[in-house]
Protein chains: 2
Amino acid sequence: MFSVTQNKLAQAAKVLAHPARIAILDYISRQENCICNDLVDVIGLSQPTISQHLNEIKKIGLLKGTFEGKNLCYCINQERWEELQYSFNAFFSNINQNCC
Amino acid sequence: MFSVTQNKLAQAAKVLAHPARIAILDYISRQENCICNDLVDVIGLSQPTISQHLNEIKKIGLLKGTFEGKNLCYCINQERWEELQYSFNAFFSNINQNCC
DNA sequence: TATCTTTATCGTAATATTGCAATAATAAAT
DNA sequence: ATTTATTATTGCAATATTACGATAAAGATA
C-alpha cells in the first residue's frame, strides 16, 4: 500500500518515537567504548523495560557488538546510523518551496 | 524524566512513525501549490482516517495555511519542516566513533 | 557447587493507536 | 432553500505499545 521507502522510514521513526529510546541512543552515542550495564540507572526505568527498548533499537540494526553471555558489549552501529541519518535527511530535503 | 529535547524529538518521530503520514507528507511536499481534497484518492485510506492522520501532522505544526470553510488550503510549513530537519540531523550527528 | 550479577523473557494490566462506518458540519452551486 | 462536495467528529472494535513484577537464563566468582 505504501512504498518500501515510506515503510522503512516510518519503521525507523517508530523506534525514535519514544523518549526513552532517544535517551538510550543519546547515552550510548556519547560513550567512549562499549556499553553494558548502566542503562537502568541512567535512564530510570526498570530493567525489563530497558531491555524491551534495547530490543526495539537492535531490531532496526542500530546496535552492533556481541550480545551473548560474558561477551555482551555493544555500541552504535555507525553504518546503520548514517544510513538512517541519510534517509531522514533525504525525506526532509524533498520539499517544494513555492506555496502559501 | 527525559529532557525537553528528547521529548520533542520523540514526539516528532511519532508523527513520522506511520507510512500513511510519510506518504501524505511526501505528496504534499511535491505539490506546487496548496492541497485540498485529493489525499483520499492518492493515499488509499478512508476519508476519516486521512483526516485523523492530517490532524496528527497539524498538531506538530508541519502544515500551514487556512483550515476553515471555503478557504481550506494548506501546505507544508517550511519553517517547522526545517526545524525538524535540523533536530533530526543534530540528533544523528551526535555520535561517538571510536568503539567496537 | 552455591551465590552473585546481569540480561532476557513471560504474563498481564493500562493505555494508545489505527481504521472505518455513520454522522455532522460547512460552504459552494443550483 | 436544496443539493452537492468536502472535511471533521463520533463511536466503536481491533491491535499495538508500554511498563513492570516475577522468573528464567547465563556466566562470573567465591
Side-chain angles (χ1 to χ4, degrees), chain A residues 1-2 6-25 27-28 31 33-76 100, chain B residues 1-2 6-25 27-28 31 33-76 100:
Chain A
M1 181 168 191
F2 304 106
Q6 287 166 343
N7 281 316
K8 280 186 178 174
L9 189 65
Q11 197 183 11
K14 203 169 188 177
V15 173
L16 303 183
H18 194 291
R21 292 193 287 265
I22 297 287
I24 288 171
L25 287 166
Y27 181 72
I28 299 180
Q31 299 308 113
N33 295 298
C34 285
I35 184 180
C36 289
N37 55 12
D38 40 2
L39 276 175
V40 173
D41 298 326
V42 173
I43 307 294
L45 290 170
S46 75
Q47 179 269 321
T49 303
I50 294 289
S51 181
Q52 271 183 109
H53 283 306
L54 270 177
N55 220 28
E56 295 300 311
I57 299 171
K58 268 186 227 167
K59 278 200 272 185
I60 56 159
L62 267 177
L63 298 179
K64 74 171 178 179
T66 49
F67 297 95
E68 288 150 34
K70 87 169 200 180
N71 295 319
L72 186 135
C73 171
Y74 57 90
C75 57
I76 302 283
C100 287
Chain B
M1 182 166 188
F2 303 106
Q6 287 165 345
N7 280 316
K8 280 186 177 173
L9 189 64
Q11 198 183 11
K14 204 168 185 175
V15 174
L16 304 184
H18 195 292
R21 293 193 288 266
I22 297 287
I24 289 172
L25 287 165
Y27 181 73
I28 298 180
Q31 300 308 111
N33 295 297
C34 285
I35 182 180
C36 289
N37 56 11
D38 38 6
L39 275 176
V40 173
D41 298 326
V42 172
I43 306 293
L45 289 170
S46 76
Q47 181 270 321
T49 302
I50 294 290
S51 182
Q52 273 184 109
H53 282 305
L54 270 177
N55 221 29
E56 295 300 310
I57 298 170
K58 268 186 226 165
K59 276 199 273 185
I60 56 161
L62 268 177
L63 298 179
K64 75 169 180 182
T66 49
F67 298 94
E68 288 148 37
K70 86 169 201 181
N71 296 318
L72 186 133
C73 171
Y74 56 91
C75 56
I76 301 283
C100 291

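This one's a predicted model, so the numbers in the text were calculated from it and none came from an experiment. Reminder, nothing fancy here: chain letters follow the sequence lines and each chain counts from 1.
- Interatomic distance, B/Ile28 CD1 to B/Leu54 CG, rounded to the nearest 0.5 Å: 6.0 Å.
- Partner A/Ile24 forms a side-chain contact (heavy atoms from CB on, under 4.5 Å) with one of A/Val42, A/Ile35, A/Leu45, A/Ile57 and no other, that one being A/Ile57.
- Residues B/Thr49 and B/Ile43 form no side-chain contact, since every pair of their non-hydrogen atoms from C-beta on lies 4.5 Å or further apart.
- Rounded to a whole Å, the CG atom of B/Leu39 is 16 Å from the C1' atom of D/dA5.
- Atom pair B/Asn55:CG and D/dT9:P shows a separation of 6 Å (rounding to whole Å applied).
- The CD1 atom of A/Ile43 sits 17 Å away from the P atom of C/dT6 (whole-angstrom rounding).
- Listed by first then second residue, pairs satisfying side-chain hydrogen bond (donor to acceptor under 3.5 Å, both in side chains) with a partner in residues 9-22 of chain B read B/Arg21-B/His53, not counting sequence neighbours.
- Within a 6.0 Å sphere centred on NZ of B/Lys8, other residues, nucleotides and ligands contribute 12 heavy atoms or fewer.
- Taking atom CG of A/Asp38 as the reference point, atom P of C/dT6 lies 10 Å away to the nearest angstrom.
- In this view, B/Asn7 and A/Pro19, B/Phe2 satisfy the side chain to side chain contact (heavy atoms under 4.5 Å, CB included) rule, not counting sequence neighbours.
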Detail all sub-3.5 Å separations between protein N/O atoms and N/O atoms belonging to nucleotides 16-23 of chain D.
from: D/dT17; atom 1: OP1; to: A/Lys14; atom 2: NZ; distance (Å): 2.8
from: D/dT18; atom 1: OP2; to: A/Arg21; atom 2: NH1; distance (Å): 3.1
from: D/dT18; atom 1: O3'; to: A/His18; atom 2: NE2; distance (Å): 3.4
from: D/dA19; atom 1: OP1; to: A/His18; atom 2: NE2; distance (Å): 3.3
from: D/dA19; atom 1: OP2; to: A/His53; atom 2: NE2; distance (Å): 2.5
from: D/dA19; atom 1: N7; to: A/Gln52; atom 2: NE2; distance (Å): 3.2
from: D/dC20; atom 1: OP2; to: A/Ser46; atom 2: N; distance (Å): 3.2
from: D/dC20; atom 1: OP2; to: A/Ser46; atom 2: OG; distance (Å): 3.4
from: D/dC20; atom 1: OP2; to: A/Thr49; atom 2: OG1; distance (Å): 3.2
from: D/dC20; atom 1: N4; to: A/Gln52; atom 2: NE2; distance (Å): 3.1

